[in-house]
Amino acid sequence: YKKGQEKLALVWQWNHNPDNTLWSLKDRKGFLRLKTGRIDNNFVLARNTLTQRTIGPTSSASVLVDVSQMKEGDFAGLSALQRDYGLVGVKVEDGQKSIVMIKNDKDKSSEIQRIPLNQNKIYFRIDCDFTNKKDEANFFYSLDEKVWKPIGETLKMKYTIPHFMGYRFGLFNYATKNTGGYADFDWFRIKH
């Protein structure tokens, strides 16, 4: 999406049929707002993850997220989406925001790393490398868009049929405890 634009560009696709009451480009000018409206205990089941294809042989996606209005149990951020997925985002648990990297491998989802977060704006990045079947994604966060720090582990991206033809970057926000929170995505950039 672009600042001031009221429609999503055709490169974007939802992971499920979207609930159009729970996303907006108008609520806050220049931002994509993803609101929570139901409880989900699994990232793959959560609706309104907005996706865009990864690009070979290498590509890097980054995003700036305002997490100030997230509620207890919410999880929002950036994903590398396929059956074996990787997530980097902010989770709210016990009133504390944390930067979290999650890896799903062979249908087993695991939290790999957690770092306390004490600010409301956070940058995430995923670097994908498909060169010579390397098929790896690495996850990063930044507090200032200048210093990028790795988080978690490398995701070995495997081609599987159940989801998409290849991996997609995804912007997500879902609730595990309370509905009504939201995350605002300021911008999304792909470099390749």
Side-chain angles (χ1 to χ4, degrees), residues 1 8-19 23 32 34 38-65 73-91 93 98-115 122-142 148-176 183 185 187-192:
Y1 59 98
L8 293 167
L10 292 175
V11 295
W12 291 104
Q13 288 182 305
W14 298 100
N15 66 328
H16 296 287
N17 290 332
D19 181 335
W23 71 273
L32 166 69
L34 293 179
R38 71 179 201 179
I39 304 299
D40 286 295
N41 293 316
N42 183 306
F43 164 70
V44 175
L45 297 177
R47 289 173 76 181
N48 288 14
T49 295
L50 188 59
T51 74
Q52 196 172 124
R53 283 187 182 273
T54 56
I55 302 167
T58 62
S59 54
S60 177
S62 56
V63 66
L64 170 57
V65 190
D74 289 0
F75 187 21
L78 182 63
S79 64
L81 175 56
Q82 240 277 5
R83 182 174 177 177
D84 290 344
Y85 58 79
L87 312 174
V88 60
V90 170
K91 266 190 181 180
E93 288 181 346
S98 299
I99 305 164
V100 175
M101 190 272 173
I102 300 238
K103 191 165 141 181
N104 188 71
D105 186 26
K106 297 182 181 77
D107 296 322
K108 183 177 181 286
S109 180
S110 304
E111 182 179 305
I112 306 299
Q113 189 174 356
R114 176 181 292 245
I115 299 161
I122 180 77
Y123 302 81
F124 297 118
R125 192 180 88 212
I126 300 175
D127 293 350
C128 296
D129 188 350
F130 300 99
T131 310
N132 298 321
K133 298 185 182 178
K134 189 174 183 181
D135 298 344
E136 291 181 350
N138 289 289
F139 300 78
F140 303 85
Y141 72 94
S142 176
W148 289 93
K149 297 180 180 178
I151 185 169
E153 296 174 353
T154 298
L155 172 70
K156 182 68 176 168
M157 294 185 285
K158 298 175 194 141
Y159 178 82
T160 58
I161 297 299
H163 289 271
F164 302 106
M165 303 279 282
Y167 272 77
R168 302 183 75 88
F169 295 117
L171 308 178
F172 69 90
N173 181 34
Y174 68 96
T176 64
F185 294 79
W187 47 257
F188 174 85
R189 298 172 185 147
I190 292 185
K191 293 181 183 175
H192 58 92

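Just the heavy atoms: all of them, side chains too, but no hydrogens, waters or symmetry mates, feed the values below.
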**Q** Strictly distance-based, threshold 3.5 Å: is any side-chain N or O of R47 a donor or acceptor partner for the main-chain N or O of P18?
**A**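 Yes; judged by distance alone, with no hydrogens or angles, the pair exists.
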**Q** Can you list the residues that meet the salt bridge (charged side-chain N to carboxylate O under 4.0 Å, His left out) rule with D19, with sequence neighbours excluded?
**A**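 D19: no salt bridge (charged side-chain N to carboxylate O under 4.0 Å, His left out) contacts found.
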**Q** Could you tell me which non-hydrogen atom of C128 sits nearest to which non-hydrogen atom of T54, and how far apart they are?
**A**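 For C128 versus T54, the nearest heavy atoms are SG-CG2, 4.0 Å.
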**Q** Where is the tightest heavy-atom contact between G86 and L155, given as atom of each residue plus distance?
**A**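 Closest heavy-atom pair between G86 and L155: N-CD2, 3.5 Å.
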**Q** Contact between F188 and L78 at the side-chain level, heavy atoms closer than 4.5 Å - yes or no?
**A**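 SC-SC contact between F188 and L78 confirmed.
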**Q** List the atom of S79, the atom of L87, and the distance in Å for their closest heavy-atom pair.
**A**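 Looking at all heavy atoms of both residues, the shortest contact is CB-CD2, 3.3 Å.
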**Q** Among N173, N48, L50, L171, which one satisfies side chain to side chain contact (heavy atoms under 4.5 Å, CB included) with W23?
**A**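 Considering N173, N48, L50, L171, a side chain to side chain contact (heavy atoms under 4.5 Å, CB included) with W23 is found only for N48.
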**Q** To check you understand the geometry: which heavy-atom pair defines the closest contact between I39 and T176, and what is its length?
**A**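 Taking every non-hydrogen atom into account, CG2-O, 3.4 Å.
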**Q** With Y85 as reference, evaluate Y167, F43, F172, F169 under the ring pair (Phe, Tyr, Trp, His ring centres under 6.0 Å) test and give the passing residue.
**A**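 Going through the options one by one, the only one that passes is F43.
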**Q** Could you state the interatomic distance from CZ (F130) to CD1 (I55), rounded to the nearest 0.5 Å?
**A**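 Output value for this atom pair is 9.5 Å.
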**Q** Is the side chain of H16 donor-acceptor paired with the backbone N or O of V44 at a distance under 3.5 Å, no angle test?
**A**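 Checking the backbone N and O of V44 against the side chain of H16, a donor-acceptor pair under 3.5 Å is found.
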**Q** In Å, rounded to the nearest 0.5 Å, how long is the span from NZ of K103 to CG of D84?
**A**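 Between atom NZ of K103 and atom CG of D84 there are 9.0 Å.
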**Q** Measuring from atom CD1 of I151 to atom CD1 of I112, what distance do you get when rounded to the nearest 0.5 angstrom?
**A**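 Result: 10.5 Å between the selected atoms.
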**Q** Please test I122 against I99 for side-chain contact (heavy atoms from CB on, under 4.5 Å), starting from the C-alpha separation and ending with a verdict.
**A** CA-CA 9 Å; I122 180 77; I99 305 164; 3.7 Å; yes
**Q** With a 3.5 Å distance limit and no angle check, can you tell me whether D40 reaches the backbone of Y174 through a side-chain donor-acceptor pair?
**A**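 Between the backbone of Y174 and the side chain of D40 there is no qualifying donor-acceptor contact (under 3.5 Å).
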**Q** Please check if the number of heavy atoms outside K158 that lie under 6.0 Å from its NZ is greater than 12.
**A**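 Counting neighbours around NZ of K158, more than 12 heavy atoms of other residues, nucleotides or ligands fall under 6.0 Å, so yes.
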**Q** Distance from K156 atom NZ to D105 atom CG, nearest 0.5 Å?
**A**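 So the gap between those two atoms works out to 11.5 Å.
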**Q** Please determine if D107 and R83 form a salt bridge, counting it only when a charged side-chain N lies under 4.0 Å from a carboxylate O.
**A**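 A salt bridge is present here (some side-chain N lies under 4.0 Å from a carboxylate O).
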**Q** Given F140, which of P150, S60, S62 fulfils the side chain to side chain contact (heavy atoms under 4.5 Å, CB included) condition?
**A**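 Of P150, S60, S62, side chain to side chain contact (heavy atoms under 4.5 Å, CB included) with F140 is met by P150 alone.
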**Q** Verify side chain to side chain donor-acceptor pair (under 3.5 Å) between D129 and T58, making sure each step is shown before the conclusion.
**A** CA-CA 5 Å; D129 188 350; T58 62; 5.9 Å; no
**Q** Could you pull out all residues at least two apart from D135 that satisfy salt bridge (charged side-chain N to carboxylate O under 4.0 Å, His left out)?
**A**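 Here no residue qualifies.
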**Q** Roughly how far, to the nearest 0.5 Å, is CH2 of W12 from CD of Q52?
**A**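 Between Q52 CD and W12 CH2, I get 4.5 Å after rounding to 0.5 Å.
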**Q** More than 12 heavy atoms of other residues, nucleotides or ligands under 6.0 Å from CG of N42: yes or no?
**A**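 Above 12, so yes.
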**Q** What I'd like to find out is whether the side chain of S142 reaches to under 4.5 Å of the side chain of R125, using heavy atoms alone.
**A**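 Not touching, per the 4.5 Å side-chain cut-off.
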**Q** At their closest point, which heavy atom of Q82 faces which heavy atom of G166, and how far apart are they?
**A**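 Closest approach of Q82 to G166, heavy atoms only: CG-O, 3.5 Å.
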**Q** Under the 6.0 Å and 45° cation-pi test, does K149 pair with Y141?
**A**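 Geometry flag: not set, cation outside 6.0 Å or 45°.
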**Q** Determine whether F139 and F124 satisfy the following criterion, ring-ring contact (aromatic ring centres under 6.0 Å, His included), listing intermediate values before the conclusion.
**A** CA-CA 8 Å; F139 300 78; F124 297 118; over 10 Å; no
**Q** Which distance, rounded to the nearest 0.5 Å, do you find between the CD of Q13 and the CZ of R53?
**A**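 Q13 atom CD to R53 atom CZ measures 7.0 Å (nearest 0.5 Å).
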**Q** Where is the tightest heavy-atom contact between S109 and N104, given as atom of each residue plus distance?
**A**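 In terms of heavy atoms, the two residues are closest at N-OD1, 3.2 Å.
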**Q** Measure the shortest side-chain to side-chain distance between W14 and L8 over non-hydrogen atoms and say whether it is less than 4.5 angstrom.
**A**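 In short, these two side chains touch, coming nearer than 4.5 Å.
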**Q** Does the plane of the ring in W148 sit parallel, tilted or perpendicular to the ring in Y123? Use 30° and 60° as the thresholds.
**A**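 W148 vs Y123 ring planes: perpendicular.
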